[in-house]
Amino acid sequence: MPGHERRSAVKFAKDNPDKMIEPILHAVAADHVFDGAAVHESAAVIVHDARIVQVVPQVDVPRTIALQVLPEGAWLAPGFIDLQVNGGGDVLFNDQPTPEGVCTILAAHRKFGTTGLLPTLITDTDEKMRVALHTANAVFGREPGVLGIHLEGPYLSPEKAGIHDARQIRRPAPNDISMLTKPRSGVLLVTLAPEVVPPGFITQLVSAGVCVSLGHSMASCRQTIAAMEEGLRGFTHLFNAMRPLASREPGPIAQALDSTDAWYGLIVDGIHVDPIMLRLALRGIGNPLLVSDAMPPVGGTMSTFTLNGRNIIVQNGRCLTYEGTLAGTVLDMATAVKNCVRLLGVSLPTALRLASANPAKFIGLEHTLGRLLPGYRADLVAFDPSDMTVLATWVAGRANIEL
Ligand SMILES: [Zn+2]
């Protein structure tokens with residue numbers, strides 16, 4: 001049984017009160033603990049080193065274990081997992097695809113409850129892709145908040161380029177498969193337009209463990225079905241930068257909403273997609289998940305930045321080019337959860353699942369992340385539910401704040 005030894009560690013502490021308690025064993029208590037499936041009132045999460053031991057009623061926490069009690073009314077939940085993070089803390093991953101750049105982005109998003117993320121490279125040069133892949137590989141394991149990398153592009157539809165640099169959008173080159181399928185640490189998520197890659201390309205990626213997601217695409221419904229037959233499961237920022245729903249050509253959106261094995265990222269900032277469309281997405285039989293699609297201003301101070309040489313200004317909560325094209329967001333995951341409840345009318349536990357359990361499952365990490373179960377990594381977020389203010393986070397058992 002997972003966590004069995006760790007339970008004995010708790011017993012050990014209880015049975016030997018005079019023994020020095022290992023500092024790595026501790027508990028965090030809250031009025032409401034959401035374990036990813038159910039809410040436990042007045043409960044505590046016992047953590048040993050980087051792992052969760054178990055969730056127990058607060059009164060059952062052995063007195064010998066160091067206990068942090070969160071302020072009244074606080075919630076404790078699985079940390080947020082964001083699969084689309086272009087930047088944060090005034091850093092754009094494309095500009096600083098380095099371990100330092102990634103650490104700045106991680107720290108910026110952690111303030112908003114994100115404990116695991118995929119730094120996301122927007123369509124860029126071949127060389128930049130290689131550097132970004134190398135960086136993610138090198139940082140993985142050293143920084144537990146980095147779960148891998150997301151390459152958004154460059155195999156996209158020029159018709160749906162959005163903010164991506166049309167000069168860099170291209171079809172796969174012969175040696176791209178070897179670059180993308182090289183043995184690696186962590187998750188590799190690739191957003192592509194299925195209609196611009198050759199038949200079999202998606203199969204090759206999926207066979208090598210790559211998660212493939214449709215995005216910036218004019219794929220028809222038939223082309224989408226063919227891509228799913230090759231193993232594509234994701235839909236990047238559903239509704240945005242893809243063929244729209246239409247009566248006789250339903251396109252990828254209908255296929256996503258109508259497939260139990262589809263996973264679609266939703267940008268719930270109230271700007272990118274009308275809340276009515278988002279509520280429609282939640283009625284589909286596929287699996288929604290929240291993404292931020294965040295840009296450098298999140299957790300930073302800048303109000304303008306450049307992307308592929310284009311100036312982006314932040315205005316009324318939007319990142320815009322001078323022509324008015326949306327260029328990512330200033331959204332953070334805590335706000336996305338809040339918007340989900342307020343704009344879409346879902347319950348807080350459901351919104352939390354869309355921000356943790358669902359993204360974990362899409363990228364195949366549902367056995368270690370997204371739930372508060374024995375043996376899972378101790379990635380937690382504590383927050384005030386009245387306004388989703390994040391009080392603290394723990395990544396692999398380590399808190400970012402003294403409570
Ligand atoms: Zn995009």
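Atoms within each ligand, like the ligands themselves, are counted from 1 in listed order. Positions are given from 1, in the same order as the sequence printed here. These numbers come from the heavy atoms of this one structure, side chains and all, not from hydrogens, waters or symmetry mates.
- Residues forming a side-chain hydrogen bond (donor to acceptor under 3.5 Å, both in side chains) with Arg371 (at least two apart in sequence, or on another chain): none.
- Residues that satisfy the ring pair (Phe, Tyr, Trp, His ring centres under 6.0 Å) test with His272, not counting sequence neighbours, are absent from this structure.
- Look at Glu323 and Arg310 and you find a salt bridge, because one of the NZ, NE, NH1 or NH2 atoms lies within 4.0 Å of a carboxylate O, short of that distance.
- Among residues two or more places apart in sequence or in another chain, the salt bridge (charged side-chain N to carboxylate O under 4.0 Å, His left out) test is passed with Asp126 by Arg130, Arg170.
- Of all protein atoms, those that are N, O or S and lie under 2.8 Å from the Zn ion (ligand 1) total 3.
- For Leu326 against Ile163, the heavy-atom pair with the smallest separation is O-CB, 4.1 Å.
- A distance of 6.0 Å or more separates the ring centres of Phe239 and Tyr264.
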